[in-house]
Amino acid sequence: MKILYDYQALTMQKYGGVSRYFYEIISRLDKRQDCYVKLVAPFSVNYYFEDYFHKKSLNKFSSFEKQRWAERVNRVFTKAELKKKYDIIHPTYFDPYIIGRNSGKYVITIYDMIYEVYPEIFNKDIIGVMIDTKKQHIYNSDCIIAISEQTKKDILKFYPDVPEQKIKVIYLGHSLDTTKKDKDLDIDLPERYVLFIGQRGGYKNFNAFIKAMARIMKNDKTLHIVAGGGGKFSEEEKSMINELGLTDRVHQFFYNDDDLAAIYHKAICFVYPSMYEGFGIPILEAWVSECPIAISDASCFPEIAGDGAIYFDPLSIDSISEKIQLLINESKLRTELVQKGKKNIQKYSWDITAEQTLRLYKQLLINDNGDE
């Protein structure tokens with residue numbers, strides 16, 4: 001089977017969920033004897049593919065300032081490659097340039113429908129382009145991979161004329177090295193902290209989380225908040241934190257993959273207050289790091305986390321505060337959630353993701369040949 005992937009995620013992200021997803025799939029399928037995998041990305045800014053590039057004699061392109069130039073060159077190489085025969089074409093993002101340029105079966109992965117669900121929080125010019133390009137892929141693909149049943153449900157909500165059988169749900173995995181959860185960190189973490197991971201704006205609901213935590217921290221003077229990643233605090237965030245009297249107790253850290261398991265493991269709990277996600281990889285990261293979870297009862301979260309978390313209403317400060325306080329107070333509950341997380345994580349791995357993706361590719365070719 002000949003499979004073609006393009007450059008888009010590799011010039012779009014140095015780090016990030018989309019490029020990590022394709023790295024985990026491509027690196028596994030490339031090792032199989034029954035697959036010929038072609039990744040067309042002579043120039044890349046992506047961290048995950050550095051080793052792959054070295055082995056494949058491809059070039060590492062590190063300057064974001066020249067990203068547009070790299071994309072143009074990569075596109076020329078991709079269009080040339082599309083003139084060859086491939087069985088499967090699987091672009092890594094939604095630029096429609098690739099549609100209709102090869103007779104192979106065309107697969108697209110939809111990660112979420114955030115632009116469609118919350119259009120008001122994005123730039124109107126950007127939102128129109130993103131929705132339109134994604135729409136072109138949805139209608140022109142032979143198969144859509146959705147990363148959760150919630151994502152599939154949302155696709156059908158906004159595009160009800162898409163045949164349901166065209167959408168296949170394939171869950172994601174995690175990439176943490178769990179042997180490093182007990183490592184000593186160079187980061188100066190507080191002794192007792194509640195953990196927030198990732199981007200904080202808009203639907204990520206960080207402001208509601210901070211306000212809920214302020215109620216708890218008023219009576220618990222040794223408790224801190226750690227916000228991992230997501231960039232430095234904005235002036236608005238600093239002002240809010242200061243007004244709540246938490247300036248010295250809310251900390252933002254950057255981290256790498258080697259540190260992340262330990263950051264989860266040392267936390268009292270991980271809180272995921274987002275109002276919408278397509279999947280929620282941090283759930284898996286917390287589980288494998290033996291960190292109990294308090295999470296929104298919205299979107300895909302109950303589907304993915306099951307009984308491995310306690311749930312709150314993300315629109316209610318009272319609810320968020322109550323459930324986090326419960327988790328902080330109840331050591332038995334934290335232990336139970338850690339044990340349930342260890343059990344639940346068995347359903348999710350990149351090996352499973354890659355195997356199910358390959359099975360999907362093969363099924364497309366079988367159906368195309370008219371075999372049963």
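All values below were derived from every heavy atom in this structure, side-chain atoms included, with hydrogens, water molecules and symmetry-related copies excluded. Remember, it's a predicted structure, so these values are computed and weren't measured experimentally.
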Does [X] come within less than 4.0 Å of [Y], counting only side-chain N to carboxylate O?
| X | Y | value |
| --- | --- | --- |
| Glu237 | Lys232 | no |
| Arg75 | Asp6 | no |
| Glu24 | Arg28 | yes |
| Arg215 | Asp318 | yes |
| Glu355 | Arg32 | yes |

> For residues 113-154, which residue pairs qualify under ring pair (Phe, Tyr, Trp, His ring centres under 6.0 Å), counting only residues two or more places apart or in two chains?
Replying inline: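 Every ring pair (Phe, Tyr, Trp, His ring centres under 6.0 Å) pair that includes a residue of residues 113-154, provided the two are not neighbours, is Phe94-His137, Tyr106-His137, Tyr115-Phe122, Tyr139-Tyr159.
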> Which pairs, with at least one residue in residues 176-197 and sequence neighbours excluded, count as a ring pair (Phe, Tyr, Trp, His ring centres under 6.0 Å)?
Replying inline: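 Found Phe196-Phe206, Phe196-Phe209.
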Do [X] and [Y] have side-chain N/O donor and acceptor atoms under 3.5 Å apart?
| X | Y | value |
| --- | --- | --- |
| Asn46 | Ser19 | yes |
| Thr109 | Tyr21 | yes |
| Ser274 | Glu277 | yes |
| Tyr48 | Gln13 | no |

>> Once you measure the plane-to-plane angle for Tyr7 and Tyr97, does it fall in the parallel (<30°), tilted (30-60°) or perpendicular (>60°) bin?
In response: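 Taking Tyr97 first and then Tyr7, their aromatic rings sit tilted (interplane angle of 30° to 60°).
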> How are the rings of Phe22 and Tyr5 set relative to one another: parallel (under 30°), tilted (30 to 60°) or perpendicular (over 60°)?
Replying inline: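 Judged by the thresholds at 30° and 60°, the geometry between Phe22 and Tyr5 is perpendicular.
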If I take atom [atom1] from residue [X] and atom [atom2] from residue [Y], how far apart are they, to the nearest 0.5 angstrom?
| X | Y | atom1 | atom2 | value |
| --- | --- | --- | --- | --- |
| Asp188 | His251 | CG | NE2 | 8.5 Å |
| Ile328 | Ile216 | CD1 | CD1 | 4.5 Å |
| Thr92 | Gln8 | OG1 | CD | 5.0 Å |
| Ser321 | Lys211 | OG | NZ | 13.5 Å |
| Lys135 | Met130 | NZ | CE | 15.0 Å |
| Ser299 | Asp154 | OG | CG | 6.5 Å |

> After noting the C-alpha distance and the side-chain angles of Glu164 and Lys152, does the key distance pass the salt bridge (Lys or Arg N to Asp or Glu O under 4.0 Å) rule?
Replying inline: CA-CA 8 Å; Glu164 183 174 354; Lys152 176 180 177 179; 3.4 Å; yes
Tell me, please, which residues at least two apart from [X] pass side-chain hydrogen bond (donor to acceptor under 3.5 Å, both in side chains).
| X | value |
| --- | --- |
| Asp132 | Gln136 |
| Lys362 | Asp34 |
| Thr222 | Arg192, Asp220 |

>> Contact between Lys105 and Leu365 at the side-chain level, heavy atoms closer than 4.5 Å - yes or no?
In response: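 Heavy-atom side-chain distance check passes, below 4.5 Å.
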> Within a strict 4.5 Å, meaning less than it, do heavy atoms of the Phe233 and Glu235 side chains meet?
Replying inline: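 Result no, sub-4.5 Å side-chain heavy-atom pair not found.
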> Do other residues, nucleotides or ligands put more than 12 heavy atoms under 6.0 Å from Lys2 NZ?
Replying inline: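 Yes, because the 6.0 Å sphere around NZ of Lys2 holds more than 12 heavy atoms from other groups.
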> Going only through I, L, V, M, F, W and Y residues with side-chain contacts under 4.5 Å, is there a path from Phe270 to Val250?
Replying inline: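 No.
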Without placing hydrogens or testing angles, list every side-chain donor-acceptor pair under 3.5 Å for residues 279-290, not counting sequence neighbours.
{"from": "Glu285", "atom 1": "OE1", "to": "Tyr264", "atom 2": "OH", "distance (Å)": "2.8"}
{"from": "Trp287", "atom 1": "NE1", "to": "Gly308", "atom 2": "O", "distance (Å)": "3.1"}
{"from": "Ser289", "atom 1": "OG", "to": "Glu285", "atom 2": "O", "distance (Å)": "2.8"}
{"from": "Glu290", "atom 1": "OE2", "to": "Lys342", "atom 2": "NZ", "distance (Å)": "3.3"}

>> Under the criterion side-chain contact (heavy atoms from CB on, under 4.5 Å), I'd like the reasoning laid out for Val45 against Leu10: C-alpha separation, chi angles, the key distance, then a yes or no.
In response: CA-CA 6 Å; Val45 300; Leu10 283 70; over 6 Å; no
>> Applying side-chain contact (heavy atoms from CB on, under 4.5 Å) to Ile138 and Ile144, what does each step give before you reach the verdict?
In response: CA-CA 7 Å; Ile138 287 172; Ile144 300 165; 3.8 Å; yes
Is a donor on one side and an acceptor on the other found under 3.5 Å between the side chain of [X] and the backbone of [Y]?
| X | Y | value |
| --- | --- | --- |
| Asp313 | Ser319 | no |
| Glu303 | Ser148 | no |
| Tyr361 | Val107 | no |
| Asn205 | Pro273 | yes |

Can you name the ring-ring contact (aromatic ring centres under 6.0 Å, His included) partners of [X], sequence neighbours left out?
| X | result |
| --- | --- |
| Tyr276 | none |
| Tyr93 | none |
| Tyr15 | Tyr47 |
| Tyr311 | none |

>> Which residues end up grouped with Leu333 if you chain together Ile, Leu, Val, Met, Phe, Trp and Tyr wherever their side-chain heavy atoms are less than 4.5 Å apart?
In response: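 Result for Leu333 is Ile310, Leu326, Leu327, Leu337.
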>> side-chain contact (heavy atoms from CB on, under 4.5 Å) for Cys291 and Lys266? Distances and angles first, verdict last.
In response: CA-CA 8 Å; Cys291 178; Lys266 295 176 188 296; over 6 Å; no
>> Ser331: which residues meet the side-chain contact (heavy atoms from CB on, under 4.5 Å) condition with it, sequence neighbours left out?
In response: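 side-chain contact (heavy atoms from CB on, under 4.5 Å) check on Ser331 returns Arg334.
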